Amino acid sequence: QVQLVESGGGLVQPGGSLRLSCTASGSIFSIGAMGWHRQAPGKQRELVATITSGGSTKYADSVKGRFTISRDNAKNTVYLQMNSLKPEDTAVYYCNADVRIIRGLSRNDYWGQGTQVTVSS
């Protein structure tokens, strides 16, 4: 079917930057909205940022001004540029995509396995 694979996570000091990537592959006819969520230890998964197929973006208040979501439609890839990272940003980051696999059928939501981001000195 469809597989989403994240990359770019790791350990970074407070104030540093990371760039996450997520590429969708498989039986893809078209992709609608794509986005990023995160889940910190002991907390529920929360929305970080979304981007529509037309490039319209939304961000959680906690990351506005620091994170930027973008996409490359030709590569079926969504990115998350994270600047001025804080310890509170430590979490597993998951990408998702609304994918149509056959022309004329409705889209379904697919998720990646997640990538760990740790912000610590």
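Throughout, residue positions are numbered sequentially from 1 according to the sequence presented. The structure displayed is predicted, hence computed values, not measured ones.
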(request) State, yes or no, whether a side-chain contact exists between Thr90 and Leu85 at a heavy-atom distance under 4.5 Å. (result) no
(request) Check whether any side-chain heavy atom of Pro87 lies under 4.5 Å from a side-chain heavy atom of Pro14, and answer yes or no. (result) yes
(request) Would you verify whether the NZ or CZ of Arg38 falls within 45 degrees of the ring axis of Tyr94 while also being under 6.0 Å from that six-membered ring's centre? (result) no
(message) Within 45 degrees of the ring normal and closer than 6.0 Å to the centroid, is that where the cationic atom of Arg19 sits relative to Trp36?
(response)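 Because its charged atom misses either the 6.0 Å distance or the 45° angle limit, Arg19 does not stack over Trp36.
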Only distances under 3.5 Å count here; give the side-chain donor-acceptor pairs of residues 50-59 to other protein atoms, sequence neighbours excluded, each with its distance to 0.1 Å.
residue	atom	partner	partner atom	Å
Thr52	OG1	Gly54	N	3.3
Thr52	OG1	Gly55	N	3.4
Thr52	OG1	Ser56	N	3.1
Tyr59	OH	Ile69	N	2.9

(message) How about CD on Gln113, more than 12 heavy atoms from neighbouring residues, nucleotides or ligands closer than 6.0 Å, or not?
(response)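 Open.
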(message) Pair Ser27, Gln1 - check side chain to side chain contact (heavy atoms under 4.5 Å, CB included), show working.
(response) CA-CA 5 Å; Ser27 301; Gln1 293 182 344; 5.9 Å; no
(message) Within this structure, what is the OG-CZ distance for the pair Ser106 and Arg100, rounded to the nearest 0.5 Å?
(response)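 Reported to 0.5 Å precision, the distance equals 7.5 Å.
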(request) Could you tell me the separation between the CE atom of Met34 and the CG atom of Asp98, rounded to the nearest 0.5 Å? (result)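 Reported to 0.5 Å precision, the distance equals 10.0 Å.
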(message) Below 30° counts as parallel, above 60° as perpendicular, anything between as tilted: where do the rings of Phe67 and Tyr93 land?
(response) tilted
(message) Under 4.5 Å between side-chain heavy atoms, counting indirect links through other Ile/Leu/Val/Met/Phe/Trp/Tyr residues: same cluster for Leu4 and Val92 or not?
(response)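 Hydrophobic grouping puts Leu4 apart from Val92.
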(request) State whether the side chain of Glu6 and the backbone N or O of Thr115 hold a donor-acceptor pair below 3.5 Å, judged by distance alone. (result) no
(message) Under a 3.5 Å distance rule, please check whether Arg45 uses its side chain to pair with a backbone N or O of Gln39 as donor and acceptor.
(response) no
Tabulate below the donor-acceptor pairs under 3.5 Å that side-chain atoms of residues 75-83 make, not counting sequence neighbours, or state none.
residue	atom	partner	partner atom	Å
Thr77	OG1	Thr23	OG1	2.9
Thr77	OG1	Lys75	O	2.9
Gln81	NE2	Asn83	OD1	3.0
Asn83	OD1	Ser17	OG	2.9

(request) Output yes when Lys64 and Asp61 qualify as a salt bridge under the 4.0 Å nitrogen-oxygen rule, no when they do not. (result) yes
(request) Given side chain to side chain contact (heavy atoms under 4.5 Å, CB included), test Asn73 with Ile31 step by step and report yes or no. (result) CA-CA 8 Å; Asn73 291 329; Ile31 302 177; over 6 Å; no
(message) Restricting to non-hydrogen atoms, name the atom on Val2 and the atom on Val99 that form the minimum distance, rounded to 0.1 Å.
(response) CG2-CG1, 3.9 Å
(message) I need the full list of disulfide bond (SG atoms under 2.5 Å apart) pairs touching residues 69-121, with sequence neighbours left out, sorted by first then second residue.
(response) Cys22-Cys95
(request) Decide side chain to side chain contact (heavy atoms under 4.5 Å, CB included) for Asp89 and Val117; before the verdict, give the C-alpha distance in whole Å, the side-chain angles of both, and the deciding distance to 0.1 Å. (result) CA-CA 8 Å; Asp89 296 317; Val117 172; 5.5 Å; no
